[in-house]
Amino acid sequence: MQFYINKNQQEKNSVAQQSFKRLTNDLLDEKLQDLNDNTCQILINQNCDKLYLQITPKIGSFIYNNYQFQLDFRINYPYSPPLIQVESNIPHPNIDLKNHQLYVKVLDPNVWKPVYGLYDIIQAIKQTILYIDYTYIPNDIQCIKSAQRMGQQDHSTDEEESEDKGFELSENFKRNFELPTLSRISVENEQSDDTEEENFDDPSERSSQEPAIINLTKNTRHSLDDNNTLPKPKK
């Protein structure tokens, strides 16, 4: 009795063995331990040539959500990226829940390189879940709306944190020193040829976040009175 083995099946088995061997080596990478930090918790379970990954953020907008993924390494890994399927049903701008797909740029076949390993894959997934990749949003209305909403919230938070709080000019400072407007400074600079030149930008081109310009030039000349004291400034 003779047995015939399909050549395509042999090649498929060879590719699967090669992929499994590379995955086994990747799992020995000590850097994988560094992925668990104060930003998120990561759990990895292996089932032959598949991995089950759970990422739980400890910070950010998705804190304490358990995102679960299945990573399939059987198809020509590392020359092709693993196939990733989303197992959890938790919204995220980079997750297409309808098709159970996670959008991570490094796993795009046009971006993927064979030098990438398991550490790079999980690190990319981790960063995407924590911080949202606004350049790689699924073409899904819910994902787009979610990304717009999250982007507006992040922008508002950045503006609030950038504001200078708790700083106030004293009344004495306000009386003795002037705080000229940008428009008046521009006019004075154009009319003055003898004074020291100062470079000011066009007010219309100034950023709203640029610090205000304070002119530390006294408004009036103070002279000593008969008692060798400075007179009180006029209000």
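Just so it is clear, the values below take in all heavy atoms, side chains as well, and ignore hydrogens, waters and symmetry mates.
- Cluster annotation: Ile129 is connected to Leu32 through the hydrophobic network of ILVMFWY side chains, with a link wherever side-chain heavy atoms come within less than 4.5 Å.
- In this view, Phe62 and His92 satisfy the ring pair (Phe, Tyr, Trp, His ring centres under 6.0 Å) rule, not counting sequence neighbours.
- Atom OH in Tyr131 sits 5.5 Å away from atom OG1 in Thr39 (nearest 0.5 Å).
- By the 4.5 Å heavy-atom criterion applied to side chains, Ile125 and Ile84 are counted as neighbours.
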Donor-acceptor contacts, no H, no angles, side chain residues 101-118, under 3.5 Å, sequence neighbours left out:
residue: Lys105; atom: NZ; partner: Thr135; partner atom: OG1; Å: 2.8
residue: Asp108; atom: OD1; partner: Asn110; partner atom: N; Å: 2.8
residue: Asp108; atom: OD2; partner: Tyr136; partner atom: OH; Å: 2.7
residue: Trp112; atom: NE1; partner: Pro78; partner atom: O; Å: 2.8

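- For Leu83, the side chain to side chain contact (heavy atoms under 4.5 Å, CB included) partners are Asp72, Ile75, not counting sequence neighbours.
- Hydrophobic clustering (side-chain heavy atoms under 4.5 Å, transitive across Ile, Leu, Val, Met, Phe, Trp, Tyr) keeps Leu35 apart from Leu130.
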Only pairs under 3.5 Å count here: list side-chain donor-acceptor contacts from residues 138-145, not counting sequence neighbours, and write none if there are none.
residue: Asp140; atom: OD2; partner: Gln142; partner atom: N; Å: 3.1
residue: Asp140; atom: OD2; partner: Cys143; partner atom: N; Å: 3.3

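- Smallest separation of non-hydrogen atoms from Ile137 and Ala147: CD1-CB, 3.9 Å.
- In this structure, CG in Asp29 is found 8.5 Å from OH in Tyr119, a value given to the nearest 0.5 Å.
- The list of side chain to side chain donor-acceptor pair (under 3.5 Å) pairs with a residue in residues 47-61, not counting sequence neighbours, reads Tyr52-Gln70, Gln54-Gln68, Thr56-Asn66.
- Side-chain contact between Phe20 and Asn25 is absent, with no heavy atoms from C-beta onward closer than 4.5 Å.
- Listed by chain and number, the residues in a side-chain hydrogen bond (donor to acceptor under 3.5 Å, both in side chains) with Tyr134 are Asp154 (sequence neighbours excluded).
- Taking 4.5 Å as the limit, some side-chain heavy atom of Ile122 sits within range of a side-chain heavy atom of Ile44.
- Screening Asn45, Leu27, Asp26 against Leu51 for a side chain to side chain contact (heavy atoms under 4.5 Å, CB included) leaves a single residue, Leu27.
- You'll find the side chain of Tyr77 stays beyond 4.5 Å of the side chain of Leu71, heavy atoms only.
- The side-chain heavy atoms of Ser88 and Val86, taken from C-beta on, include a pair separated by under 4.5 Å.
- When every heavy atom of Ile42 is checked against every heavy atom of Cys40, the shortest pair comes out as CG1-SG, 3.9 Å.
- Note on Ile132: it clusters hydrophobically with Ile90, by side-chain heavy-atom contacts below 4.5 Å among ILVMFWY residues.
- Residue Asn99 qualifies as enclosed at atom CG: its count of foreign heavy atoms under 6.0 Å is above 12.
- Note on Asp37 versus Lys126: salt bridge recorded, some NZ/NE/NH1/NH2 to OD/OE distance being below 4.0 Å.
- Smallest separation of non-hydrogen atoms from Tyr67 and Pro91: OH-O, 3.1 Å.
- At least one side-chain heavy atom of Gln18 sits under 4.5 Å from a side-chain heavy atom of Tyr79.
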